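Reviewing the structure listed below.
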Amino acid sequence: MRILPIRNEQIKLAKKFTRVYIEKKYGKNVLGVSQDDFYSFIFYGKLGELVFRDLLIEEDIPHNCEDILKPYPGEFKREGADFILTRTNETIDVKTVEKPYKIRLLVREDQFRARVHDIYIGQRARNLKEIECWGYVTGKELKNVKPMNFGYGLCRHWFLSQLHPIEEFIEKAKKGVKISAFI
């Protein structure tokens, strides 16, 4: 696991992004949680993506995330990847949980069926100062997981503690090695 700092600018951008969803009533709360929790998920998801983007920049890993701050007006999350590693063309979906007691990376089954990404990054926000970047699991691995309901509908899942180390991801991505090919 690697501890990543959260910068004030990242918080401001994630809040601005979330505000668009609130004001324009974007998204659909398919999880059955309170509206506050729904918008909290959007905020922490976007914050996690922004923190991960800065990790890729700091590690000099070529990537594309041009739509990272573009809100999606539809009811559901856009189908595209959060990131694409430009050397290998692998798609990445970043999953950030917002509570310290949450121990799994979760991918809603409807999202998984719509698009299986090459790599899923698992993170957990400790607070508004740090994110724990635990590591990754491949879409191929998640295909072998039986979906379960953890209170948010059917989800593919992987324990954060059992993810492949983020340092392994960084090492392979820097070399331009296809990460999902070895698993």
Side-chain angles (χ1 to χ4, degrees), residues 14 17-18 20-22 24-35 37-53 56 63-86 88-99 102-125 131 133-164 166 168-169 172-173 178-183:
F17 181 88
T18 305
V20 171
Y21 277 77
I22 294 168
K24 296 191 175 191
K25 301 198 184 324
Y26 286 174
K28 183 176 181 180
N29 184 353
V30 297
L31 303 176
V33 297
S34 71
Q35 282 301 103
D37 283 345
F38 175 66
Y39 293 124
S40 178
F41 290 163
I42 292 170
F43 169 77
Y44 277 102
K46 188 53 58 184
L47 183 62
E49 291 172 12
L50 293 168
V51 169
F52 187 74
R53 177 194 63 183
L56 294 177
H63 64 281
N64 180 343
C65 64
E66 63 188 31
D67 291 336
I68 193 168
L69 291 171
K70 183 179 177 183
Y72 181 72
E75 289 187 344
F76 303 102
K77 180 183 175 190
R78 64 181 160 74
E79 287 185 22
D82 295 334
F83 298 88
I84 298 173
L85 296 178
T86 54
T88 60
N89 205 35
E90 289 174 288
T91 59
I92 299 175
D93 192 9
V94 176
K95 297 297 186 184
T96 306
V97 294
E98 80 292 355
K99 304 278 189 216
K102 293 190 175 181
I103 58 173
R104 289 179 180 86
L105 172 150
L106 297 177
V107 181
R108 280 195 354 244
E109 184 65 8
D110 61 317
Q111 288 180 355
F112 194 77
R113 286 181 184 219
R115 171 87 189 263
V116 177
H117 294 286
D118 296 309
I119 301 163
Y120 292 84
I121 300 291
Q123 302 187 128
R124 178 171 55 202
I131 282 185
C133 187
W134 284 79
Y136 73 96
V137 62
T138 67
K140 286 186 227 173
E141 290 172 302
L142 284 176
K143 282 181 181 179
N144 296 320
V145 173
K146 181 181 177 189
M148 293 177 63
N149 188 338
F150 296 94
Y152 305 111
L154 287 178
C155 295
R156 302 285 169 139
H157 54 94
W158 205 272
F159 284 106
L160 294 174
S161 62
Q162 294 178 348
L163 293 170
H164 304 286
I166 194 62
E168 180 182 300
F169 168 89
K172 289 178 180 178
K178 192 161 183 136
I179 298 162
S180 61
F182 293 100
I183 297 171

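Note that the coordinates shown come from a computational prediction; the quantities given were computed from them, not determined experimentally. Numbers here are sequence positions counted from 1.
- With contacts defined as side-chain heavy-atom distances shorter than 4.5 Å, the pair Ile92/Ile84 does not qualify.
- Remark: Arg104 CZ to Lys95 NZ distance equals 16.0 Å, nearest 0.5 Å.
- Ring orientation note: the planes of Phe52 and Phe83 are nearly perpendicular, at an angle over 60° on the 30°/60° scale.
- Nearest approach of Glu109 to Pro147, heavy atoms of both residues: OE1-CG, 3.4 Å.
- Taking the six-membered ring where tryptophan is involved, the planes of Tyr21 and Phe17 are tilted, since the angle between them lies from 30° to 60°.
- In summary, the aromatic rings of Phe169 and His164 are positioned with their centroids too far apart to meet the 6.0 Å limit.
- Glu90 places a side-chain N or O within donor-acceptor distance of the main-chain N or O of Ile179, the cut-off being under 3.5 Å.
- At distances below 3.5 Å, not a single donor-acceptor pair connects side-chain atoms of Lys46 with backbone N or O atoms of Thr18.
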Exercise for the section: With side-chain contact (heavy atoms from CB on, under 4.5 Å) as the test, would you mind laying out the steps for Cys133 and Ile121 before giving the verdict? Expected result: CA-CA 8 Å; Cys133 187; Ile121 300 291; 4.1 Å; yes
Query - Trp158 and Glu141: CA distance, side-chain angles, deciding distance, side-chain contact (heavy atoms from CB on, under 4.5 Å) verdict - result: CA-CA 9 Å; Trp158 205 272; Glu141 290 172 302; 3.9 Å; yes
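- Side chain of His157 to backbone of Phe150: no donor-acceptor contact under 3.5 angstrom is found.
- In this structure, CG on Asp82 lies 9.0 Å from OG1 on Thr96, to the nearest 0.5 angstrom.
- Listed for the Gln123 side chain is a donor-acceptor partner under 3.5 Å among the backbone atoms of Gly48.
- Of the possible polar contacts, one joining the Asp118 side chain to the Thr91 backbone as a donor-acceptor pair under 3.5 Å is found.
- One N or O on the side chain of Asn64 and one on the backbone of Glu66 form a donor-acceptor pair closer than 3.5 Å.
- Heavy-atom minimum distance, Glu98 versus Ser40: CG-OG, 4.3 Å.
- Rounding to the nearest 0.5 Å places NE2 of His117 at 4.5 Å from CG of Asp93.
- Contact check for Leu154 versus Arg108: no side-chain heavy atoms found under the 4.5 Å cut-off.
- How far NZ of Lys172 is from CG of Leu85: 12.0 Å, rounded to the nearest 0.5 Å.
- Of the possible donor and acceptor atoms, one in the side chain of Arg156 sits under 3.5 Å from a partner among the backbone N and O of Leu142.
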- Might you work through the side-chain contact (heavy atoms from CB on, under 4.5 Å) test for Phe112 and Tyr120, ending with a clear yes or no? CA-CA 11 Å; Phe112 194 77; Tyr120 292 84; 3.6 Å; yes
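- A salt bridge does not link Arg53 to Glu49: none of the charged side-chain nitrogens sits closer than 4.0 Å to a carboxylate oxygen.
- The structure places OG1 of Thr88 at 6.5 Å from CD1 of Ile119, a figure rounded to the nearest 0.5 Å.
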_For Tyr26 and Val20: C-alpha separation, side-chain torsions, deciding distance, then whether side-chain contact (heavy atoms from CB on, under 4.5 Å) applies._
CA-CA 8 Å; Tyr26 286 174; Val20 171; 3.9 Å; yes
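- Between atom CG of residue Leu105 and atom CG of residue Leu163 there is a gap of 6.0 Å, rounded to the nearest 0.5 Å.
- In this structure, the side chain of Lys24 does not engage the main chain of Pro71 through any donor-acceptor pair within 3.5 Å.
- Residues Glu168 and Tyr136 bring a donor and an acceptor atom of their side chains to less than 3.5 Å of each other.
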